[in-house]
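Structure first, then comments.
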Amino acid sequence: MTKPRFYVTTAIAYPNGRPHMGHAYEAIATDVIARFKRLDGFDVRFLTGTDEHGLKIDQAARAAGKPPQSYVDEMVAPFRDLDEALGISFDRFIRTTDADHKALVQALWQRMAANGDLYLGRYEGWYSVRDEAYYDEGELTTGEDGVKLSPQGTPVEWTVEESWFFKLSAYQDRLLALYDSQPDFIQPASRFNEMRAFVAGGLSDLSVSRTSFTWGIPVPGDASPDGKIHVMYVWLDALANYLTGAGGLDGEWWPADLHVVGKDVVRFHAVYWPAFLMSAGLTLPKTVFGHGFLLNRGEKMSKSVGNVVDPAAMVERFGVDRLRWFLCREVAFGDDGSYSDEAIVERTNADLANGIGNLAQRSLSMVAKNLGGVMPRRGEAGESELRLKNAFHTGTDAYLAAMNALALHKALDALMGMVTAANGYFAENAPWALAKTDVARMAEVLAATLDATRRIVILAQPFMPGSTAALLDQLGVAGDAREISGLNTPVEAGVQLPLPAGVFPRITLDG
RNA sequence: GGCAGCGUAGCUCAGUUGGUGAGAGCGCCGGAUUCAUAACCCGGAGGUCGGCAGUUCAAAUCUGCCCGCUGCUACCA
């Protein structure tokens, strides 16, 4: 029996600066989903990477006095390092400067051209030679001498540039039909409504080539009539990375099951991307999910405010699993969220140290001290055990439903409900008292608690791969019994457990 | 300006088609306990459900207005 497949992607990062918390958040959330799918028996393909073409990179490279290729070669390193530090389990880190990607984008272009959707036209707008960029009328200010100025204060002039256009306008009806027949194509629902309204409001054709700079993938074919080199619009280039990562235009992993992207780029993924794919005669991804932004103490991160946080420093300070847990537990996936050192300390102490960690430690240490570390046998289920079982049944169902609906925070809420139930069971049966009166019953209570803990830790794996692996080792769970399919396979009685050691120590703000 | 949405305990939020006394988690206070990472377990305090006015036997839940906040309103990403 072959496993069902699941192809998931993050957006690709634009490496004209250092990675920030937003990058880390998107990578973590997507990694959690990918790990969950693997745990749930899927054959998963997980793609992430960097978007390396375009004017801004070109300008940044020039400012740094380097050729763009060597510039991006350097700039991409921190992104790879961050993924490494965060434990991101990607299958490929794609760079849009990769050779197979460049070839694919040109092939995609040709398919769209063959379908008659690309034509040569003129792009007009307010252009700043100094910035090498076009600006909207609304962004402009008027200088003292009546000259129009860009937001950077540089003079702009009305410029006409030859450009290839994509017949986006021809896809309005098909896009609306897509949304109406597949309401979960764009998630969460609030984004769906915005995108639908946007498309319903009418679409203009899209300029998909530039002649104002050359750092991009060249448009295939002969030189244009005006003799200038056309490079592709960065979004066409960037979006196509998902095809490259799938193995090409007819790649075995296409279509993607899920594109996880920031809410700021939902439009590109939910409008332009399906239109490009329709034009090329390719199938569409199943879902585009737009996650929210992370706010630092409720404030938007910005360089001018000086509250930009380096995610690598956060990993250093709190540990990768605490950071992963906090972001998935505290932030409703799809909404904006806020973080602070205090919140991370509070949340992880409550959930991990007091909750999961303490549950494991209190039961494991009793087994070590009273039973020589030998896994005890479970007894006949009494009323107390049945209540525990029920709580875990509904909790597991809630967890799985939430994960499949991409409601990561709700899944963890369900998981914490199970932790509470297990701690309640333990306190109710007071095995420490039974140690003096009824050792056999004590052993049964410990066995039931350990099994409850095992289930919790198995389900926590996508969120905290490192810590849960250590805990499952302590719980004596075999390597091949750690998937969701092994949830109902308890550790056999008689197994010798290693000496327990705390996995989630409490932390303090100044520590 | 237009469209969409939001404003419920200190904090983050749940609250189907209006109907028994308004909830959860965290934090806080008290009790109990000692297996455990001063953790766990039990209990408690805390809210005129943004404001005003309506509809109704009955509104956090419907309508109108007002106040505050957010997103979208395309080709820099």
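Labels below follow one simple rule: chain letters A, B, ... track the order of the sequence lines, proteins then strands, and each chain is numbered from 1. Keep in mind it's a predicted model, so treat the numbers as computed, not measured.
Rounding to whole angstrom units, CG of residue D335(A) and P of G7(B) are separated by 12 Å. C75(B) atom C1' lies 12 Å from atom CZ of F213(A), rounded to whole Å. Straight-line distance from the CG atom of L412(A) to the P atom of A14(B): 16 Å, rounded to whole Å. Here C76(B) presents its P atom at 16 Å from CG of D237(A), a figure rounded to the nearest Å. In this entry the distance linking CD of E342(A) with C1' of G27(B) reads 13 Å, nearest Å. Between the CZ atom of R347(A) and the C1' atom of U12(B) there is a distance of 8 Å, given to the nearest Å. Summarising the geometry, the separation between CG on D336(A) and C1' on U70(B) is reported as 9 Å, rounded to the nearest angstrom. C3(B) atom C1' lies 10 Å from atom CD of E194(A), rounded to whole Å.
For D351(A) and R347(A), the salt-bridge test passes: some basic side-chain N is under 4.0 Å from an acidic carboxylate O. Using a 4.0 Å cut-off between charged nitrogen and carboxylate oxygen, R387(A) and E428(A) count as a salt-bridge pair. We find that R454(A) and D451(A) are joined by a salt bridge, their nearest charged nitrogen and carboxylate oxygen being less than 4.0 Å apart. A salt bridge is absent between D51(A) and R95(A); no separation between the charged side-chain nitrogens and carboxylate oxygens falls under 4.0 Å.
Within 4.0 Å (heavy atoms only), L168(A) reaches at least one base atom of the nucleic acid. Backbone-only engagement by D51(A) is indicated by non-hydrogen atom pairs under 4.0 Å involving sugar-phosphate atoms exclusively. Residue contacts shown for G202(A) include a base, since a base heavy atom lies under 4.0 Å away. In this structure, L364(A) reaches neither bases nor backbone, as no heavy-atom distance under 4.0 Å exists between it and the strands shown. In this structure, R196(A) reaches neither bases nor backbone, as no heavy-atom distance under 4.0 Å exists between it and the strands shown. Contact annotation for V265(A): no contact, since no heavy-atom pair falls under 4.0 Å across all strands.
Applying the Watson-Crick and G-U wobble criteria (two distances, each under 3.5 Å), G5(B) pairs with C69(B). Using the Watson-Crick or G-U wobble rule with both distances under 3.5 Å, A24(B) pairs with U12(B). Nucleotide C57(B) forms a Watson-Crick or G-U wobble pair with G19(B), both donor-acceptor distances falling under 3.5 Å. When both pairing distances are held under 3.5 Å, A45(B) makes no Watson-Crick or G-U pair with any nucleotide shown.
C52(B) and A38(B) have their P atoms separated by 48 Å, with the value rounded to a whole Å. Of the C1' atoms belonging to A24(B) and G46(B), the separation is 15 Å, rounded to the nearest Å. Comparing the P positions of G10(B) and C6(B) gives an interatomic distance of 22 Å, to the nearest angstrom. Distance check on atom C1': A32(B) versus C41(B) gives 8 Å, rounded to whole Å. With C1' as the reference atom, G47(B) and G7(B) are 14 Å apart, rounded to whole Å. Nucleotides U16(B) and A74(B) are separated by 37 Å at their C1' atoms, to the nearest Å. U70(B) and G44(B) have their P atoms separated by 39 Å, with the value rounded to a whole Å. When the P atom is compared between G19(B) and A59(B), the two are found 11 Å apart, to the nearest whole Å.
Between F166(A) and Y171(A), the ring planes are parallel. Angles under 30° get that label, and only those over 60° would be called perpendicular. Ring-plane geometry between Y179(A) and F192(A) is classed as perpendicular, the angle between the planes exceeding 60 degrees on a 0 to 90 degree scale with a lower cut at 30.
Position along RNA chain B of the nearest nucleotide to M195(A) versus V208(A) favours M195(A) as the more 5'-ward residue.
At least one side-chain heavy atom of L206(A) sits less than 4.5 Å from a side-chain heavy atom of Y233(A).
Ring centroids of Y14(A) and H23(A) are separated by 6.0 Å or more, keeping the two rings apart.
For A4(B), its base never sits under 3.5 Å from the side chain of S190(A) at any donor and acceptor pair.
By the rule that a glycosidic angle within 90° of 0 means syn, G46(B) counts as syn.
Relative to the side chain of E346(A), the nucleotides C75(B), U73(B), C26(B) differ in distance, and C26(B) lies closest.
E161(A) and T211(A) are linked by a side-chain donor-acceptor pair at a separation below 3.5 angstrom, with hydrogens and angles left out of the test.
With a 6.0 Å cutoff to the six-membered ring centre and a 45° limit on the axis angle, R329(A) does not count as a cation-pi contact of F463(A).
Note on R267(A): a side-chain N or O is less than 4.0 Å away from OP1 or OP2 of U73(B).
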query: With the sugar-phosphate defined as primed atoms, P, OP1 and OP2, and the base as all remaining atoms, what B/S/- string results for nucleotides 33-43 of chain B, 5' to 3', for protein heavy atoms under 4.0 Å?
result: SSBBB-SBS--
